[in-house]
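Below: the structure, in structure tokens.
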Amino acid sequence: MAEMIKLFVNGQEVEVESGKNLIDAVGAVGIEIPHLCYHPALGADGNCRMCLVGIEDGRPPLVPACKTRAVEGMKVQLDTEKIKKIQRDIMELELINHPTDCPVCDQAGECQLQDYYMQYDSRESRMTVPQVAKSKNLDFGCGVVHDQERCILCARCVRFTHDHQDR
Amino acid sequence: MITKTGELGIVNRTDYARVTIFPGRPLANRYALNVVDLCPVGAMTSRDFRFQQRVWLGCLRPSAFVPLCFIAVLVWMERRGAGFIQDRSGPNRANIFGFRAAGLVQNLADAVKLLTKEDVIPGHVRHKFYFVLAPVILFFVSVLSFAAVPFADILILDGKEYMMQTIPTDLGILWFLAIVGFAVYGIILAGWSSHNKYSMLGGLRSASQVISYEIPLALAIISMLIVYGTVNLTEIASTKANCSSDSSPCGALSSSPWRRSFSSSPPLPRPTELLLTWPKVRASWSAGFTPNTVP
């Protein structure tokens with residue numbers, strides 16, 4: 001059993017395991033921090049910015065939760081207007097070129113982007129320019145077919161096939 | 001976990017950034033399909049899965065109807081087949097406007113009769129739950145072991161594949177043994193819950209019969225394992241299909257060396273019991289179950 005530390009999420013005191021990053025530590029007690037590129041098996045990358053959280057009295061005040069270790073007495077803010085606006089804006093950026101494939105997409109129903117859109121964004125697109133067209137049917141071999149338009153560039157697959165990872 | 005093969009990369013910038021492979025260097029590692037699961041959106045798809053299935057429908061297959069369709073065939077075979085073997089014509093009067101459909105109309109009459117039949121639970125039965133549970137156990141054991149039987153090769157209609165096997169499990173024979181072993185619980189439970197010393201004796205007799213039949217069954221199955229070297233029923237069936245000297249449905253059993261040396265032993269007790277138990281259990285749904293009806 002790892003050593004337990006106490007920290008505050010949205011002003012509420014929670015007891016979490018030490019040595020973990022914020023997403024895993026706080027996720028273990030049932031508080032979800034949205035994240036797209038982070039995966040426990042692949043480690044933190046920090047490219048999607050979806051997991052940005054505020055640290056009260058912290059330097060810097062905004063940190064990616066996947067790259068931040070949980071420490072004693074940390075005051076994490078998840079529900080401030082600023083964080084909500086960041087999450088909304090990140091979703092809007094992700095969806096600029098994302099096709100509306102959901103009715104025919106295999107991932108629909110268990111798609112993190114879909115879930116987060118419903119949870120954190122739920123707005124109409126403001127885009128007036130046509131979306132960038134990319135390849136819809138790229139055969140990567142080994143039975144893997146890639147749809148570049150649906151890709152949100154979280155780089156999980158790229159990190160999976162590379163050895164350099166920085167946790 | 002990380003494959004260190006480095007086939008994938010991100011090229012270009014901003015809106016034009018995309019994940020791609022190096023030209024002429026496709027994914028080539030045993031874990032490549034993991035990227036399909038890793039992808040949080042639907043960008044990585046598996047060729048076999050693409051547009052074919054929803055994840056949450058993965059457990060449902062159209063072939064689930066295969067054993068259900070067999071109800072009609074089995075009822076007909078029990079009625080007319082048994083009649084044929086016993087040199088009588090079997091039910092041959094039921095008709096719709098004079099059409100008897102080779103006795104198949106009798107199935108409809110049977111279904112109506114079974115659905116409207118009075119469900120008799122004798123007053124002296126103390127544990128009505130177990131009394132009802134016993135035939136339910138036998139029913140599910142029959143259906144579950146039946147479901148693992150590959151009735152035919154994969155049927156292709158309009159490019160869609162239909163598997164003629166409800167539960168395409170690699171366990172094969174092991175699944176069959178594991179499930180069929182539970183049948184004895186249904187029999188013992190029926191004998192005991194009938195709360196009647198003769199039912200109890202009948203249940204014990206049937207249970208000991210079922211258990212003792214497992215010895216020749218095990219010998220027959222060991223011989224199959226020796227001959228085919230696999231427990232996968234589909235592989236056994238396809239091996240049989242490629243062997244022209246042996247085309248009978250029970251060929252896997254009849255051609256095995258052990259089966260030949262045991263030609264005087266009761267013919268394949270458990271599989272036949274399985275088929276015979278099925279209509280009996282069906283009848284016992286509404287008739288009330290007595291162990292003596294089990295062969």
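What you see is a predicted model, and the numbers here were worked out from it, not measured in a lab. Because only heavy atoms are used, hydrogens play no part in the values below, and waters and symmetry mates are left out as well, while side chains stay in.
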Subject >> Under 4.5 Å from any heavy atom of chain B - which part of A/Cys151 >> reply: both
**OP:** Using side chain to side chain contact (heavy atoms under 4.5 Å, CB included) as the criterion, list what pairs up with A/Ile90, not counting sequence neighbours.
**Re:** A/Arg49, A/Met50, A/Ile86, A/Glu94
Subject >> Residues in side chain to side chain contact (heavy atoms under 4.5 Å, CB included) contact with B/Leu33, at least two apart in sequence or another chain >> reply: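 Here the qualifying residues are A/Val144, B/Val36, B/Ser46.
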Subject >> Side chains of B/Pro40 and A/Arg156 in contact at under 4.5 Å (non-hydrogen atoms) >> reply: yes
Subject >> Heavy-atom side-chain proximity of A/Asp147 to B/Met44 below 4.5 angstrom >> reply: no
Report the distance from atom [atom1] of [X] to atom [atom2] of [Y], rounding to the nearest 0.5 Å.
{"X": "A/Glu149", "Y": "B/Arg18", "atom1": "CD", "atom2": "CZ", "value": "9.0 Å"}
{"X": "A/His146", "Y": "B/Cys39", "atom1": "NE2", "atom2": "SG", "value": "7.5 Å"}
{"X": "B/Thr45", "Y": "A/Gln107", "atom1": "OG1", "atom2": "CD", "value": "10.0 Å"}

**OP:** Please test B/Leu38 against A/Cys157 for side chain to side chain contact (heavy atoms under 4.5 Å, CB included), starting from the C-alpha separation and ending with a verdict.
**Re:** CA-CA 7 Å; B/Leu38 274 176; A/Cys157 55; 5.8 Å; no
**OP:** Kindly check if the number of other-residue, nucleotide or ligand heavy atoms within 6.0 Å of CZ (A/Arg88) is above 12?
**Re:**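 Correct, the count exceeds 12.
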Original post:
When you measure from the side chain of A/Gln148 to the backbone N and O of B/Val19, does any donor-acceptor pair fall under 3.5 Å?
Top reply: yes
Subject >> Closest contact, heavy atoms only, A/Phe160 versus B/Tyr31 >> reply: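 Taking A/Phe160 first and B/Tyr31 second, the nearest heavy atoms are CE2-O, 3.5 Å.
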**OP:** Count the heavy-atom pairs under 4.5 Å between each of B/Leu27, B/Val35, B/Ile21 and chain A, then report the option with the highest count.
**Re:**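 Counting heavy-atom pairs under 4.5 Å, the top option is B/Leu27.
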Side chains of residues 113-122 of chain A: which donor-acceptor partners sit under 3.5 Å, not counting sequence neighbours?
unit_1: A/Gln114; atom_1: OE1; unit_2: A/Gly109; atom_2: N; d: 2.8
unit_1: A/Tyr116; atom_1: OH; unit_2: A/Glu32; atom_2: OE2; d: 3.2
unit_1: A/Tyr116; atom_1: OH; unit_2: A/His35; atom_2: N; d: 3.1
unit_1: A/Tyr116; atom_1: OH; unit_2: A/His35; atom_2: O; d: 3.3
unit_1: A/Tyr117; atom_1: OH; unit_2: A/Arg123; atom_2: N; d: 3.2
unit_1: A/Tyr117; atom_1: OH; unit_2: A/Arg123; atom_2: O; d: 2.6
unit_1: A/Asp121; atom_1: OD1; unit_2: A/Arg123; atom_2: NE; d: 3.1
unit_1: A/Ser122; atom_1: OG; unit_2: A/Tyr117; atom_2: O; d: 3.4
unit_1: A/Ser122; atom_1: OG; unit_2: A/Met118; atom_2: O; d: 3.1

Original post:
If you check every heavy atom in residues 124-143 of chain A against those of chain B, which residues fall under 4.5 Å?
Top reply: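 Those residues of residues 124-143 of chain A which have a heavy atom under 4.5 Å from chain B are A/Val132, A/Ala133, A/Lys134, A/Lys136, A/Asn137, A/Leu138, A/Asp139, A/Phe140, A/Gly141, A/Cys142, A/Gly143.
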**OP:** Name the option with the most non-hydrogen atom pairs under 4.5 Å to chain B; the candidates are A/Asn97, A/Asp101, A/Leu153.
**Re:** A/Leu153
